[in-house]
Amino acid sequence: MTDTVTRNDELIDGIYREGAPITDTKAPGGDIADKWTTRKFEAALVNPANRRKLSVIIVGTGLAGASAGATLGEAGYKVKSFCYQDSPRRAHSIAAQGGINAAKNYKGDGDSVHRLFYDTVKGGDYRSRETNVYRLAEVSADIIDQCVAQGVPFAREYGGLLDNRSFGGVQVSRTFYARGQTGQQLLIGAYQALERQIAAGTVEMFARHEMLELVVVDGKARGIIARDMVTGEVETHLADAVVLASGGYGNVFFLSTNAMGCNVTASWRAHRKGAYFGNPCYTQIHPTCIPQTGEHQSKLTLMSESLRNDGRIWVPKNAEDCDKDPREIGEDDRDYYLERIYPGFGNLVPRDIASRQAKNMCDEGRGVGPAVDGVRRGVYLDFADAIERLGEDAVRSKYGNLFDMYQQITGENPYQVPMRIYPAVHYTMGGLWVDYDLQSSIPGLFVTGEANFSDHGANRLGASALMQGLADGYFVLPNTIRDYLAKGPFTKITEDDPAVAEAVQGVQDRIEKFLSIDGTRSVDSYHKALGKIMWEKCGMERTEEGLREAIEEIRALRTDFWSNVRVLGSAEGLNQSLEKAGRVADFLELGELMCIDALHRNESCGGHFRAESQTEDGEALRHDDEYAYVAAWEWGGDDEAPVLHKEDLVYDFIELKQRSYK
Amino acid sequence: MRISLKIWRQDGPADDGRMVDYRLEEVSEDSSFLEMLDLLNEQLIDKGEEPVAFDSDCREGICGMCGVVINGEAHGPERTTTCQLHMRSFDDGDEIIIEPWRADPFPVIKDLCVDRSSFDRIIQSGGFISANTGSAPDAHATPVPKEDADRAFMAAECIGCGACVAACPNASAMLFMGSKVTHLGELPQGQPEREARVLQMTAQHDLEGFGGCTNLGECSRACPKGIPLNVISQLNADYRRAGYGGRD
Amino acid sequence: MATSTAPAPAARKGPPTILLKTVVAVTGVFFVLFVLVHMYGNLQILIGTEAFDEYAHHLRTFGEPMLPEKSFLWVARILLLVSVVAHVWASMSLWRRAGQARRTRYAGKKKVSYGRFYAKAMRWGGLALLAFVVFHILHFTTQTITVDGAYPSPAERVISSFEVWWAVLLYTVAMVFLGMHLLHGIWGAAMTVGLNTSLKRAEQIRFVSIALSTIIVVGFLIPPFAIFFGFIE
Ligand SMILES: Cc1cc2nc3c(=O)[nH]c(=O)nc-3n(C[C@H](O)[C@H](O)[C@H](O)COP(=O)(O)OP(=O)(O)OC[C@H]3O[C@@H](n4cnc5c(N)ncnc54)[C@H](O)[C@@H]3O)c2cc1C
Ligand code: HEM
Ligand code: SF4
Ligand code: FES
């Protein structure tokens, strides 16, 4: 499928080239409802006695990685599992609050696999691949069964059955939750299953290990180079297949709701070795986060979207009122802008719309809260009405923990003063391109969870990422990777193999380089600068002009980084600056690709809003005739333009429509 | 605000450590405790000194990665994680002493970072329900009384940070262990392995070298998730039911 | 292949920690029962010296003629002795384990201490109690130590002793120690045998430990004070 020879060598728009389109995604034929059954049946089996001889490396222990590790371990494969934290239980999946979707139809409100499939495709603004999404909806119900069997304490009703809520603007109640800690409870379930396999000896765990390179031998992924973050040793790990479950890359924006360590390194290294990167510019900006308070800020905190069920969002009508005490601003002087613009959905419009409108209000100078860089970036989320209607106790029992968290962080009491919120980067729909089998364009390299691009199109629905991570790890990958492994064991390779030696050398050289530049600026200062560029020019609203500037600025910043960064300490032992340097170096390359992708996609869809492509009243405008494809980018080489491979999105089972929430 | 700091610096696992004094000016009250350390580190890098190593990841109080002892208290003066502690909890001019978790089963790796893999090994020894993927019955096959589900959830809130060990005068990990035993023991799914679980986990706990609980409650007071002391009693009760390990 | 996770240490010697805790708790509860009986006996002196002597004599002849004289007393003494040894051994083993579990101490000191002072005094307070118990036995049982001359009748021995101010003071201090030990001890024993399984239970246990400790301290101090202030002669 990768036919770089037929690549069109002409530079398009001065920034990229176009290669052969992707025509085969490996999904079997037939009705959409039968495809997965067919695929599972057709996938070759591996004799249980042979499994122990087949080894799999899994990078990441979030929902996607831990579930895959546990399941492959149970099946009897030899698994090596990696994470950069001190324990697999700390992967960023732990932070998910809201819930997980599943088409169980326990509420009898008309939910079904098909409806979840439909909602996900529509929510993704018709930029996701039908076959994968259908399968996701299909296995969703099994996830809940599996988690309950493991002891995940989902919320229950008095009758002892599982409770559901509706989430993220869908009309059925299909979201399972565990108070505000769904991600934590699901991850602990997967983590415990993983630990059980570690005890059983099928999984070997490498915590505080960071993958720094992919080993590709004879065109196949055969291992990774990882650094032991405690001893500093650069280690080679070889296997028959490699799975990346390394999460999202939202931290390219520096400030995001992601954990401090979230990075693109694993994916990016694979990309540089030939794995295509799908739709890198699709970023989800979450509307209800706590606004930034100053330069010292290291991350942004998300507050559950459920707050929008009862809170009303507003800004002052007049910019002069912005520094007043909000309680002294009369009803007539408030602009409940979402209720005004979208009377049908009001405060419950999808994430991308709520986010963009908040930005518009602040750009108009009507934002509230402390000014950072001269602009007030915040809008009110007011519970005064809800408190009056339901009583403070009812509000406390529903949102108490969120209110406490808000107060902890801001020092303000949201029962008395309206909360202030602002959008923040939250999720990246883009990721390594994979086929129906979750295999990337490098044979033997599989990608699961947020790290792949597969299921959410241009916008992800609330409570669907947890679903995808676990669907991939528990049910999809174990079935598809088996088809690949059945062809093994592959020829033995050793650490002396030239491809391995080269990979090790590359990693060591890079570490040495970081430590020897001895410049004047800290890694964090570069990361912050990159984040500013990305947020301003490749954030909620993108323009051709801005993106072109951003590309230039990122290139300049990257050059400066490689000549002026200061990384102290040594390569032996724990060195957090060194770790960050590697991550930021990769973000500096990814950021450019994101801008290129955003620039080439001259339409608005989901989380990607191009100012040039909007309706008369400022809504996102898609161009299905030109852009109904996945943009899979191939690495072009250092200082070379990337190569675009288009995978056309064919909608056989769902009709393409323009989204409308008015 | 301005503050003075005394921070434990230790180069590596085998090296001796020492307390080092630092001063910081212009710390924002709105910054979190870890952002204050970020600021210190930026200044140290400017001066050409190695920054202070400390662990953190989510910085929203849920992953359990962060945790230092601040003026003798695990996670500092508020009942929350270190990452959720804010500088407004301190006064201008305060002296703040920062040390790593101290417990022999949590050896120091560098500065304020410790190795908590002993917790993982306790979970490995039995802190799970054996349910292979694909073998699960329908989730509604076994209703769980809401009361039990709620208690299981309460115990399952533990984030594995280790503050309980750090705060305990005996460096005991029984709050951590009790929360897992209670979480799984309250659910019908957890019954078949209930006795084996408590015996194996407590054996591993002792093996790792944690101390024994004397029911003081320091752990629960330091626990950012407010796990109550009664999970330890539950652990003891389950241990008794399992025949004190005497039965085979 | 190197892993950063430290390998699991070699097997820990000795009994399981929770078993040790249980030994402390069970022997402790046995002491509580013993102390309650002991207190009941002491209070006989309020009825009169004969009642007290009768009680003391009864202890020696309990179970006669089925059992030889003093056999009940000896069984009780042996049980108590074994319990004391077990109680002290187990609690000291736990102390040692705790010491090994944290060999580097904190430099920072908490500004506010949450822990109850009496709970922290278990170990040193327990040793003080041990010293007192030894003294107490030497004083009243073996009569190796005399406070104010030797008397054949138990009641006389008690009365003459508590007419001396420092003996009253000594016993008062000892009882305060005992009270403190029990205040946490009863709570701890209930925790250790697994009775505290809800927040409500915790309150009930707290109540019982406060009530029992108060009763025991007051009950033990009534005779000495009554004697000292001349209500009993
Ligand atoms: C605050 C927040 C709230 C959310 N709420 C919801 C919600 O309510 N519902 C929902 O469905 N989704 C939610 N999401 C999204 C969802 O949580 C994530 O998309 C999902 O959990 C990602 O899982 P993952 O397994 O793919 O990756 P992660 O959980 O991010 O795990 C990545 C793993 O990869 C490892 N790793 C990464 N790089 C390397 C490397 N170079 N070397 C070694 N290891 C590496 C890490 O150690 C980690 O173990 C939320 C996200 C955030 C940030
Ligand atoms: C002989 C001298 C004594 C010593 C040295 C001693 C010591 C101790 C110590 C150190 C503990 C705490 C153990 C722990 O929690 O780790 C303890 C607990 C206890 N002691 Fe004593 N003690 C003595 C006498 C007594 C007496 C006379 C009584 C009762 C009247 C008693 C009742 C208890 C009880 C009930 C506990 C609680 C057990 C638990 O925490 O589970 N002790 N003792
Ligand atoms: S019980 Fe509390 S203090 Fe202990 S590890 Fe769990 S969350 Fe941390
Ligand atoms: S950094 Fe995750 S809990 Fe503090």
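Note that this is a predicted model, so its numbers are computed, not measured. Chain A is the first sequence line, chain B the second, and so forth, proteins listed ahead of strands; every chain is numbered from 1.
- Only the backbone of Arg105(C) comes within contact range of chain B, with at least one heavy atom under 4.5 Å from a heavy atom of that chain.
- Chain B forms more heavy-atom pairs under 4.5 Å with one residue of Gly108(C), Gly99(C), Pro16(C) than with any other, namely Gly108(C).
- Contacts between Ala203(B) and chain C at a heavy-atom distance below 4.5 Å are absent for every atom of the residue.
- The environment of CD in Gln191(B) is crowded: more than 12 heavy-atom neighbours from other residues, nucleotides or ligands sit within 6.0 Å.
- Heavy atoms of Ile70(B) lying under 4.5 Å from chain C are absent altogether.
- A side-chain N or O of Ser161(C) and one of His139(C) form a donor-acceptor pair less than 3.5 Å apart.
- With a 4.5 Å cut-off on non-hydrogen atoms, Arg151(B) touches chain C through its side chain but not through its backbone.
- Ring centers of Phe176(B) and Phe119(B): under 6.0 Å apart, within the cut-off.
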Residue pair Phe54(B), Asp111(B): steps toward the side chain to side chain contact (heavy atoms under 4.5 Å, CB included) verdict: CA-CA 7 Å; Phe54(B) 62 90; Asp111(B) 297 343; over 6 Å; no
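- Most heavy-atom pairs under 4.5 Å with chain B, from the set Ser93(C), Ala202(C), Ala107(C): that is Ala107(C).
- Interface remark: Leu20(C) contributes no atoms to any contact with chain B (heavy atom separation under 4.5 Å).
- The closest side-chain donor-acceptor pair between Thr182(B) and Gln234(B), if any, does not fall under 3.5 angstrom.
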Residues Trp101(B), His75(B); criterion ring-ring contact (aromatic ring centres under 6.0 Å, His included); working and verdict: CA-CA 10 Å; Trp101(B) 285 170; His75(B) 287 311; 5.1 Å; yes
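- Proximity to chain C is absent for every atom of Pro13(B), based on heavy atoms less than 4.5 angstrom apart.
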